[in-house]
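Computed from a predicted structure; not experimentally measured. Every chain is numbered from 1, with letters handed out A, B, ... down the list of sequences.
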Amino acid sequence: MPQNEYIEEHQRRHGKRLDHEERMRKRAAREVHKASAVAQKTIGLKAKMLNKKRRAEKIQMKKTLKAHEERDVKKATTSSDPDTALPTYLLDREGQKDAKALSSAVKERRKDKAARYSVPLPQVRGIAEDEAFKVIKTGKRKQKGWKRMVTKPTFVGESFTRKPPKLERFVRPMGLRYKKAHITHPELKASFNLPIVSVKKNPQSPLYTQLGVLTKGTIIEVNVSELGMTTTTGKVVWGKYAQVTNNPENDGCVNGVLLMSS
Amino acid sequence: MSGIKASIAPVPTANDFLDIVLSKTQRKTPTVVHPGWKITRIRSFYSRKVMFTKDTFNEKLDAILSDFPIMDNLHPFISSLLNVLYDKNHYKLALGQLNTARHLIEQVAKDYVRLIKFGDSLYRCKQLKRAAMGRMATIMRRQKDPLAYLEQVRQHMSRLPSIDPSTRTLLICGYPNVGKSSFINKVTRADVDVQPYAFTTKSLFVGHMDYKYLRWQVIDTPGILDHPLEEMNTIEMQSITALAHLRSAVLYFMDLSEQCGYTIEAQVQLFNSIKPLFANKPTILAINKIDVMRLDQLDPERAALVRSIVEESEGKVKMVELSTYTEEGVMDVRNLACDTLLASRIETKMKGTKINSVLNRVHVAQPKARDDVERKPFVPEAIASGERKKFDLNDPERRRTEKDEQEENGGAGVFNIDLKRNYMLENDEWKYDVIPEIHEGKNIADFVDPDILEKLEALEREEEKLEAEGFYGDSDDEGSMLDEEEEAIRSAAAAIRSRQERAKALSQDKNKNKHLSQVPRKFQNRTLSQMAERMTAIGVDPSSVMARAELLAKAKGLSGKRKRGGDEDDEEQMDEVDSEEAWEDEAEESMDVDEDEDAGSSRRKARKSNEGSRAIVSSGVTTRLRSSTTALTNKSGGRISARAGPARVPARDRSSMGLRNSEQRDKSIRLHELSIRDRNREAKAGESDRKIKEKKPKWLFAGKRGKGTASHR
């Protein structure tokens, strides 16, 4: 039985086929045509997947071409920014290179635009009560309808104690309670899984705020102590506001952006 | 202590993994969903997808995890070889990461199935499913590196030589380039590459050979350099692993000519530094390349250095010289190594506790001498005395053979040897007799019988004897008596046989008769005369029964008629047997004693009406008659024959009117039979019976068992 690197061994002893190089060249040249034939023949889900893959490849190729062109125009930035001290967990990240080609004027304009609004999501879709609450029939004959179940994700503080279940008007199901949120630091462009401290404001209605309903656009307070942020005076910041940027009821998680201006 | 699995299934890359799993989900779960469905149905539709994806991931990851061997469970040699080659920590980490990924995926599936339970629309459920699959995919995509690593390990593992750690093994080690691979190439068929530079062999190679009818495994190891264990590279570590963990005979190769590039001192030094690995192993110091430099030719100081190895070991190390180039001593080295290993293996086995269980069972039987007679092997006299010499081609006095004769007479093709000369026959003159193969159209071989004359004589003798005893004389007087007896036995036997035949035919026809409608026994008509006939046939005297039947009939007040009827009945029966068809007599003239009178009288009337020609009662009439009579039964199940009025019988038999002759009549009967055959088969009451029996029984369409394809219910 052949053992170890038997293919290489054989090639070393007897050499490759005389037309090996030729065959390899031809195969490489044929590859494009083959791919094209396959792409023309596939249908349905397979075609979708293939097209997506090819599109991604093309984009990648164009990007690399562009990167090569840019390198000719401007020199690459150094990996670490010397003027700001980076926290340890970001030391292994490379410096941002994608913004190279942007002129400083464009950068300025973007900053201005961002500065005009205080929060990333200034407007939200209205949510009617019957969407957020489900009526629960109570009573022995199930004819009473004053009880509500919240069908949106909620944050329930640790200190919350339920009212006697018979009298409780709003039920927040355990399955839809969230304790943590994925918060993006807009300057660091990094996301962290941070514990939620409280719901500050739900733009839909004060009732939602009171109940701790998490919908898109809700302002929450998160515990940023693990980020190690400090105020200008040198105090450690542990609570910071963030805005929910996704629809938690659709995604099964809470994503948000840290609000830096405040 | 299991080895590595022969073939591990390929490990897909992370992207392929995703494609496989997601497309399987797409293929194997329902794809059609409508927003109008009940929300519970929509929820279960999507949670099924999530669960299915999770299950598929689980299954695939499980397959990978169970395929790859757990290093701790392997033989120490294989385990540490894998450690050297693939790094145990890395390997464990990779498998561990896959295991974690599996748990994470399970967790995600659990979470999202819970969330889907709260989904209040199709859109929301779908989004949640999408998010779940996305998160699973992300987890899987992070396993790119472990998967790629495991695939590489798998490929490499499949090319590892299959080393059996427990079998008889010769292990070849030494400095690079001292002739280890040349030696293995000489003693086995392993085709190991040999090159004039160091580290040609980069991994372990295995060859197999036979010695003393046993299978031996020879392992060629890469060269080792003399430095501490920590500094050794992967290639050298493989050798060390083999040395450390295999119970084998070690062949330490040395090159005194120093062509390998290492001094004798260095080689001796290496031996001493790896000596701990040779403990409890038969070790052979093989001095190679003696075609260039022998131990004798070495200057005495260095020779003493080499010899010191053997001396220091107190006889544990044996030294041999060989040259793989001239092949001098190669086989000696092999044999010595094998013998010492065999001896040491037996020794260790004898020391162990296991041997007792084997020894208890081993018994060598040795025959006991039954007497003092010496039984020597038989040697023919001529050979023992040396009278007959061994055939020798060069000896002029040798025996003359047929071949000699052939050569003298012109050699093969010219001279043909005489095969008939050496025939052993009774008479030598017969040797060259010609015997034809076929004589008068018959094969002679068929008639050849060596004892034919004897047999003939025996026959003749017997014949004579019989004749003398008067066997062939006339003996009629006894014969007739015998014949009569025999005749009786024969006829009885024939009767028995025929009855058996009939019984057999009847039973074989059972199936044939099944679908034909049968007249129940109590409606079958049997006459007294039939019964009497049957009873006499069996051998019972029917007279008493007949008498009683007549008495009964008399008691009913039918005696006068009966008397007359009975007489006529008999005579009539006789006639009818002659003339009528079978179908008629079953129906018409067969009747009970009780009803004889009216049916009989009816027939009499009929006969009266057409005297000239015999009354032929068609089946149509008879059936009608029967149906009218069989309508009533008495308590005992018998038929009541008494009727209010006499049976109405047509004055003329119209069934046969208009028919010219008996042929036409026969034909009409035949056609009639044909026409009613189908309806009889379906057990119809008559032409007008249009009843359709239940075709779809309820039990096939009601209840739990469905439409019913099972033949049994």
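Within the model, atoms CG of A:Asp251 and CZ of B:Arg130 stand 9.0 Å from one another, a figure rounded to the nearest 0.5 Å. Remark: A:Glu131 CD to B:Asp120 CG distance equals 7.0 Å, nearest 0.5 Å.
By the 6.0 Å contact criterion, NZ on B:Lys24 is enclosed, its count of non-hydrogen atoms from other residues, nucleotides or ligands being greater than 12. Counting heavy atoms of neighbouring residues, nucleotides and ligands inside a 6.0 Å radius, atom NZ of A:Lys147 exceeds 12 of them. Shown here is A:Leu18, whose CG atom has no more than 12 heavy atoms of other residues, nucleotides or ligands within 6.0 Å. Counting heavy atoms of neighbouring residues, nucleotides and ligands inside a 6.0 Å radius, atom CD1 of A:Ile43 does not exceed 12 of them. Remark: A:Lys142 NZ is packed, more than 12 non-hydrogen atoms of other residues, nucleotides or ligands lying under 6.0 Å away. Within a 6.0 Å sphere centred on CZ of B:Arg27, other residues, nucleotides and ligands contribute more than 12 heavy atoms. Around the CZ atom of A:Arg169, the shell of radius 6.0 Å holds more than 12 heavy atoms that belong to other residues, nucleotides or ligands. Heavy atoms from other residues, nucleotides or ligands lying under 6.0 Å from CD of A:Glu57 number more than 12.
Interface residue B:Val192: only backbone heavy atoms are found under 4.5 Å from chain A. For chain A, the nearby part of B:Gln195 is the side chain; its heavy atoms alone come within less than 4.5 Å. Only the backbone of B:Leu204 comes within less than 4.5 Å of a heavy atom in chain A; its side chain stays farther off. In this structure, chain A has heavy atoms under 4.5 Å from both the backbone and the side chain of B:Phe205. In this structure, the portion of A:Glu9 lying under 4.5 Å from any heavy atom of chain B is its side chain and not its backbone.
Minimum interatomic distance between B:Leu115 and A:Gly175 (heavy atoms only, all atoms of both residues): CD2-O, 3.6 Å. Residues A:Asn4 and B:Pro161 approach most closely at OD1-CD, 3.4 Å, considering heavy atoms.
At least one side-chain heavy atom of A:Ile7 sits under 4.5 Å from a side-chain heavy atom of B:Arg159. A:Lys53 has its side chain out of reach of B:Asn15: every pair of non-hydrogen atoms, C-beta onward, lies at least 4.5 Å apart.
Taking A:Asn247, A:Leu45, A:Thr151, A:Leu176 one by one and counting their heavy-atom pairs under 4.5 Å with chain B, the maximum is reached by A:Leu176. The residue among A:Glu5, A:Met49, A:Lys134, A:Arg12 with the most heavy atom pairs within less than 4.5 Å of chain B is A:Arg12. When B:Gln127, B:Lys117, B:Arg124 are compared by the number of non-hydrogen pairs under 4.5 Å with chain A, B:Arg124 comes out ahead.
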Determine whether A:Arg13 and B:Asp191 satisfy the following criterion, salt bridge (Lys or Arg N to Asp or Glu O under 4.0 Å), listing intermediate values before the conclusion. CA-CA 11 Å; A:Arg13 278 183 193 172; B:Asp191 191 12; 2.5 Å; yes

